[in-house]
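Here the structure is a predicted model, which means the values were calculated and not measured.
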Amino acid sequence: MNPQPSPHPVTGPPAHPLRFSYGTNGLTDLRLDDALSLLADLGYDGVGLTLDHMHLDPLAPDLAARTRRLARRLDELGLGVTLETGARYVLDPRRKHGPSLLDPDPEQRARRVDLLLRAVQVAEDLGAHAVHCFSGIPPQGTAGGATGTTAGEAAGATAGQSDPQGASETDDGTAEDAEWKRLAEALTPVLDAATDAGVPLAVEPEPGHLLATLDDFHRLRTTLGSPDALGLTLDIGHCQCLEPRSPADCVRDAAPWLRHVQIEDMRRGVHEHLPFGDGEIDFPPVLEALATTGYRGLVSVELPRHSHAGPQLARQSLPFLQRASLPGPQDIGRRTVPSQRAAAPEERTP
């Protein structure tokens, strides 16, 4: 009997220890099954699955049944999965990423917590490597409120918010201290659920958010008492954007806590996710650092503003990463796609 063909074509560079995936937030013009089939056909090892209305809607009926069907499909295609929760309007059609874990209204915060609890359950049912999340932007008027955001982000994230609990100053310290306490308290039940499920919760430092840097991650980790379930999502572009050390050094620094990696090109000081070759990142040292530090999760391409060219970019991104991960000097080029029009400032962040 003839063996069944592998869902992953045996082409391209030799095998290496890194496992590459592509985020569905960069394939939003495709049906989910079409996106998964595309990634498997191209040779990806997995998918960064964003819970959202166009793919796997976490708020629609029959989530458990839909998740079971998806688990079977991922198994058929041989794709691993990391669950991402950064959908822009999945909870609020008028506020990007709202409500957040920092929302002054306890009922609104609870909606975000519920989404993360649903994500943990879905991740357990799918056998996902991790559940990704981020802190959110502090409400307007608090310490560091909109630092690093565009004007559009700051206005959209903080419009109409007030803090009945007194975020401007509290008996426990500064407004910033209150925000960190609120974040830790909101994440506690999610970490409990992640512990029970055996799925790491991987918090992402996001430019403009309360938790924006690796130092901020360690502040949260210390506040929570370093629970085993708490890990880190490291976005390589974010390292280039605002961390003081190089992206490769950030990988080495983050290695003990690293549970998920997002990757794209980026420029210093500009939070704009770019196709490989359109930014400033030197990728071979980054991928070497990931391999040599023992990271074995998915390395997921993160291009949420490029769904209009998603299939083309997915096709080009994998060989770029494979070449950049080979030992020795590589001529990996600087541009992968024709230049796109310049984005307006408020369009530049995911």
Side-chain angles (χ1 to χ4, degrees), residues 85-86 91-92 95-117 131-150 153-195 200-235 238-239 241-245 250 253-254 256-257 271 349:
T85 62
L91 293 178
D92 189 325
R95 286 189 299 162
K96 189 174 93 171
H97 297 152
S100 78
L101 296 170
L102 303 175
D103 199 291
D105 185 337
E107 293 184 0
Q108 293 298 308
R109 284 200 304 279
R111 294 177 61 205
R112 177 62 61 172
V113 171
D114 177 69
L115 175 67
L116 296 180
L117 292 173
V131 172
H132 149 278
C133 70
F134 45 50
S135 69
I137 297 172
Q140 193 171 17
T142 64
T147 302
T149 66
T150 65
E153 275 190 302
T158 62
Q161 291 186 355
S162 61
D163 190 352
Q165 299 181 13
S168 60
E169 194 68 33
T170 70
D171 293 338
D172 296 330
T174 66
E176 189 176 5
D177 291 335
E179 296 298 343
W180 282 101
K181 180 179 178 182
R182 181 175 296 164
L183 176 62
E185 290 175 348
L187 282 177
T188 295
V190 185
L191 285 165
D192 290 343
T195 299
L201 184 69
V203 180
E204 178 189 7
E206 180 78 23
H209 285 215
L210 179 70
L211 198 158
T213 66
L214 286 173
D215 286 347
D216 292 335
F217 167 74
H218 290 301
R219 176 172 179 171
L220 175 67
R221 183 176 59 82
T222 301
T223 299
L224 288 166
S226 301
D228 290 341
L230 180 65
L232 174 70
T233 292
L234 189 68
D235 188 302
H238 295 174
C239 297
C241 178
L242 54 70
E243 292 286 353
R245 306 191 70 189
C250 289
D253 292 344
W257 303 276
H271 185 198
T349 55

Sorted by chain and number, sequence neighbours left out, side chain to side chain contact (heavy atoms under 4.5 Å, CB included) with R111 holds for L91, P99, Q108
Heavy-atom closest pair (D92 atom, G98 atom, distance to 0.1 Å) is CB-O, 3.2 Å
Residues L101 and R182: closest non-hydrogen pair is O-CG, 3.8 Å
Heavy-atom donor-acceptor pair, H132 side chain to E204 backbone, under 3.5 Å: no
Output a table of donor-acceptor pairs, distance under 3.5 Å, between side-chain atoms of residues 185-192 and any protein atom two or more places apart or on a different chain; print 'none' if there are none.
unit_1	atom_1	unit_2	atom_2	d
T188	OG1	A184	O	2.8

OG1 of T233 to CH2 of W257, rounded to nearest 0.5 Å, is 15.0 Å
Across all chains, not counting sequence neighbours, the side chain to side chain donor-acceptor pair (under 3.5 Å) partners of D215 are none
Residue set satisfying side chain to side chain contact (heavy atoms under 4.5 Å, CB included) with D253, at least two apart, ordered chain then number -> R245
Inset, instruction - Before giving the answer on side-chain contact (heavy atoms from CB on, under 4.5 Å), spell out for V203 and L230 the whole-Å C-alpha distance, their side-chain angles and the decisive distance to 0.1 Å. - result: CA-CA 7 Å; V203 180; L230 180 65; 3.6 Å; yes
Side chain to side chain contact (heavy atoms under 4.5 Å, CB included) filter on L214, not counting sequence neighbours, yields L232, L234, E243, C250, A254
NE2 (H271) and CG (D235) are apart, to the nearest 0.5 Å, by 6.5 Å
D177 bridged to R219 by N-O distance under 4.0 Å:
yes
Here the gap from H97 atom NE2 to I137 atom CD1, rounded to the nearest 0.5 Å, amounts to 8.5 Å
Applying side chain to side chain contact (heavy atoms under 4.5 Å, CB included) to S135 and not counting sequence neighbours gives L183, H209, L210, L211
Value for CH2 (W180) from OG1 (T174), rounded to nearest 0.5 Å, stands at 11.5 Å
Smallest heavy-atom separation, D103 atom then R95 atom, equals OD2-NH1, 3.2 Å
Across all chains, not counting sequence neighbours, the side chain to side chain donor-acceptor pair (under 3.5 Å) partners of S226 are R221
What one should report as the nearest heavy-atom pair of S100 and G136 is CB-CA, 3.9 Å
